[in-house]
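Predicted model only: the values in this text are computed from it and were never measured. Residue numbers start from 1 in every chain, and the chains themselves are labelled A, B, ... in the order their sequence lines are given, proteins ahead of strands.
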Amino acid sequence: MSFVEYSDLIQDGDVVIIYISMDSTMPVKVQKGAQTQTRYGVIRHSTDLIGQRYGSKITCSKGGYVYILHPTPELWTISLPHRTQILYTTDIATITMMLELKPGSVVCESGTGSGSLSHAILRTIAPTGHLHTVEFHQQRAEKVAEEFKEHRVDHLVTVRNQDVCKDGFGVTGVADAVFLDIPSPWEAVKHAKAALKKQGGRLCSFSPCIEQVQRTCEVLADQGFQEISTLEVLLRVHDVRTVSLPLPDFGPDASSPGEPGTRDVVQNHPAVTLKTTTTPREIPGHTGYLTFATKPRT
Amino acid sequence: MADTGEGDSEYRIKEGDNVVLKRGDIFKAVQIQLKKKIIFEKQWFFLDNAIGHLYRSTFEIVSGNLQAQTAKTTQSSSDAKEAGTDNRNIVDDGKSQKLTRDDIETLKEQGLKGQEIIQQLIENSSTFRDKTEFAQDKYIKKKKKKYENTIMILKPSCRILAMMYHGREPGKICHLRYDTLAQMLTLANIHAGSKVLVFETCAGLVLGAVMERMGGYGSVIQMYPGGGPARAGVENFGFPAHFHDTLHDFPICHVNALLAGTLDTSHKDTNKKESDQAAEDKQNQPEAEPQDSPEEQTMETGGNNETAMDQERKEKEQRREAKAEEKRRKLAAAAALLEGRNADGLIIASRFHPCPVLMGLLKFLSPSRPFVVYSQYKEPLVECFTKLKEHGGTVNLRLTDTWLRHYQVLPNRTHPLLLMSGGGGYILSGTTVAVDSAKPSGSTPAEEPATKKMKLTDTVE
């Protein structure tokens, strides 16, 4: 198991994702002799997990069952312990493409936060790229470094505990892409520019507030960035449902002798049953604005 | 611009490179070929002069040729600082511009550059000075778009090509919007070293995007319908040669045979292959001819004409056999990759009904692996969803689409752009799990659509 390479069998020391339902997943570090409590009862690592195939269905002590999934950055994003507000997959996917990340890319990121985006970046730039991630909160930086090790991606990443606005990324002229998710991104633009390769590269800044975007765009233009473009992307979920729509009764109709064939007449309550989708009552309507720009050759 | 920095060769435009031309927000993918006429945005020109320049250089089109622009000329805007406060005195009577259409044409013929024509337009506009500063900016921007003849040459990337196809030829890529493609690549966990199945009719854009994310590590198997794999778009990415070694293809018409274990790739000439081979030969005929001619000539100078003809026929035969052999070998290689049914990911984006494609190809995935199906329409994905629920063997099923909005960000003038894409298509994503042999349906109750409850709420609301 590694976050950048699949395995077939669960081994001691792996981090696995216990899938209970769409809205309930949990990451578990597999250890000989350990146990994990779920709402369906206990999972015993030695007998239930080690040596089993990823994707197996495990029956817990109370009779309910769960699936054991191989970790991916996307499953990690929905199950990781939140230490900060995190980036979700919809934004992450857009960022990954718009920053033109691929195997071998060198990326600078700040702040690291809970590492949701970091894992997705690492997956994409492996096996030959590198991530330089800067987090000004010491405990968070330490914790995320620990997780990178557990997820066996630590060889691809350098975690620095410093303030990107004051001290920059700790590297110069090496990055293909820079990502900023900090309260005052405009203060870090010059550091981002310095971190990017002389031949140029891409930059992304994530900000929830339009005022932040405004200031950042001005500084980006001043610093000679090109193709400055701000966008917002939201996920819309469509829940598949079977619905039954009752038909109104207008009383006997002399002109038409028979009922149309599609009607599903049940006693005196005629209704049409169909498969359709509904939207959730409430969805996240705003995460943040994504501002992209290209640093030209300098 | 053309400084001679060391280690820059990969950043320079070379003959044979696949590049993307950019003018404003419009892109076009072309190959750099000497003396090859290109038509872009109703203008024709040659790209010869681009060779040796750095990527992201801008060029002006001057009488059919590219002329490198220096960094300075691209900036310089008008310095008329006079501006009005609002538009109360501006009347649209069509008389504010003193230059006529013919005047402008004459200016163009005199060889005036875009920048100079715009300056002329401003000077001859009676209302320009009364416009607000914002309106002046907008005016200049609009005229620039119309009269400036500059293009930029870019290195291709998934981002640029996805935006290019979406902007120019959405029909060719099943109206797959770039952010939707981005979701697919991420949700399918495409990464180096994995084994990914791709079924697409998006001109090769999706296949190319997957290959870019794999970086030449691992294997991509293109499952294709019909006579041969269609992937012209992959060329636009300009991948290094070794990327193509990781690309395999397998015709879906052999999927059933492969699953049943009856696919025979070991020795030649089953009926199907013969027809395949014939088709292949037909395709390669024009290519084979010119290859022959130089050999023929050397033979002729050698003397005996008849033996030369014989020789040629024999060689042709041999080549054909070698080709068929190569084809068999490739089919066998692709079959071997599939046979283990241990692929790591599946991406479907086609104009075919996704349901049979998904149900057929899902069998090749290991458990605990992601899959993503794109469709321009929602209903077929609802059907896929229902089928998967009945069939079992998948969890984490989600039918989604993304909403994308671009912004104009300017001091005191920030707002969403007036136009936005109405929709970028739909995605069904999920994860495979071990199939439960005991029960036909193996999903947790929490995920089943709550039909009863819905009915209730429906009638209440």
Side-chain angles (χ1 to χ4, degrees), chain A residues 4-6 8 19-22 53-57 65 67 69-70 72-74 89-90 92-94 96-98 100 102-104 120 123-124 126-128 199-200 210 213-214 217-218 228-244 246 275-277 289 291 296-297, chain B residues 5 8 11 54 56 157-159 162 178-179 181-183 185-187 189 191-194 212-217 342 344 366-370 378 382 385-386 395-396 398-407 409 411 414 426 431-434 436 442 444 446-447 449 451 454-455 458-459:
Chain A
V4 296
E5 202 179 347
Y6 283 118
D8 289 332
Y19 181 93
I20 300 161
S21 75
M22 192 91 197
R53 205 162 180 208
Y54 276 106
S56 298
K57 184 172 170 178
Y65 56 84
Y67 288 98
L69 300 182
H70 195 286
T72 65
E74 288 60 54
T89 297
T90 313
I92 290 173
T94 311
T96 307
M97 176 188 270
M98 292 303 190
E100 305 189 335
K102 55 190 181 195
R123 171 265 317 275
T124 304
T128 47
Q199 290 88 353
I210 199 73
V213 174
Q214 187 84 63
C217 284
E218 278 178 53
I228 303 169
S229 143
T230 299
L231 57 86
E232 197 181 9
V233 62
L234 290 177
L235 187 72
R236 297 199 293 196
V237 176
H238 305 271
D239 293 316
V240 178
R241 293 282 183 271
T242 307
V243 297
S244 189
K275 220 147 205 153
T276 183
T277 64
Y289 300 103
T291 298
R297 191 189 177 84
Chain B
D8 261 350
Y11 296 95
L54 291 161
R56 297 196 61 79
S157 71
C158 171
R159 167 181 75 99
Y178 41 93
D179 59 312
L181 176 59
Q183 304 301 319
L185 296 168
T186 293
L187 289 171
N189 191 21
H191 64 276
S194 49
E212 184 182 282
R213 288 287 177 92
M214 309 264 302
Y217 303 93
N342 58 357
D344 297 317
S366 279
S368 195
R369 298 294 188 269
K378 191 166 65 175
V382 170
F385 184 99
T386 310
V395 294
N396 218 5
R398 205 144 74 144
L399 176 51
T400 59
D401 76 320
T402 46
W403 177 94
L404 179 73
R405 183 176 241 183
H406 288 267
Y407 286 79
V409 181
T414 295
Y426 298 87
T431 307
T432 58
V433 290
D436 190 8
T444 32
E447 266 191 280
T451 320
M454 276 313 296
K455 248 188 215 167
D458 273 353
T459 43

Task: Donor-acceptor pair between A/T72 and B/N189 side chains, under 3.5 angstrom - done: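 No pair is found: no donor N or O on one side chain lies under 3.5 Å from an acceptor on the other.
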Open item on the list: For B/T402, which atoms come within 4.5 Å of any heavy atom of chain A: side chain, backbone, both, or neither?
Closed with: both
Task: B/Y426 versus chain A, the contacting section by heavy-atom distance below 4.5 Å - done: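 For B/Y426, the side chain is the part near chain A, not the backbone.
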Using non-hydrogen atoms only, which part of [X] is less than 4.5 Å away from chain B: side chain, backbone, both, or neither?
X: A/R53; value: side chain
X: A/S229; value: side chain
X: A/E232; value: both
X: A/T128; value: side chain

Open item on the list: With chain B as the partner, which of A/A126, A/P127, A/C217 has the greatest number of non-hydrogen pairs under 4.5 Å?
Closed with: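 Most heavy-atom pairs within the cutoff with chain B belong to A/P127.
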Task: Leading residue by heavy atom contact count with chain A [cutoff under 4.5 Å; candidates B/T386, B/L187, B/L181, B/V382] - done: B/T386
Task: Options B/D179, B/T432, B/D344, ranked by heavy-atom pairs under 4.5 Å with chain A, top entry - done: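 Of B/D179, B/T432, B/D344, B/D344 has the most heavy-atom pairs under 4.5 Å with chain A.
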Task: Where B/C158 and B/E212 come nearest, the two heavy atoms and their spacing - done: N-OE1, 2.9 Å
Open item on the list: How about CD on A/E218, more than 12 heavy atoms from neighbouring residues, nucleotides or ligands closer than 6.0 Å, or not?
Closed with: yes
- [ ] Quick one: list whatever passes salt bridge (Lys or Arg N to Asp or Glu O under 4.0 Å) with A/R236, sequence neighbours left out.
- [x]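 If we apply the salt bridge (Lys or Arg N to Asp or Glu O under 4.0 Å) test to A/R236, skipping adjacent residues, the hits are B/D401.
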Task: Donor-acceptor contact present, side-chain A/Y19 to main-chain B/N396, <3.5 Å - done: yes
Task: Under the side chain to side chain contact (heavy atoms under 4.5 Å, CB included) test, residues paired with A/I210 that sit two or more places apart - done: A/V213, A/Y289, B/T414
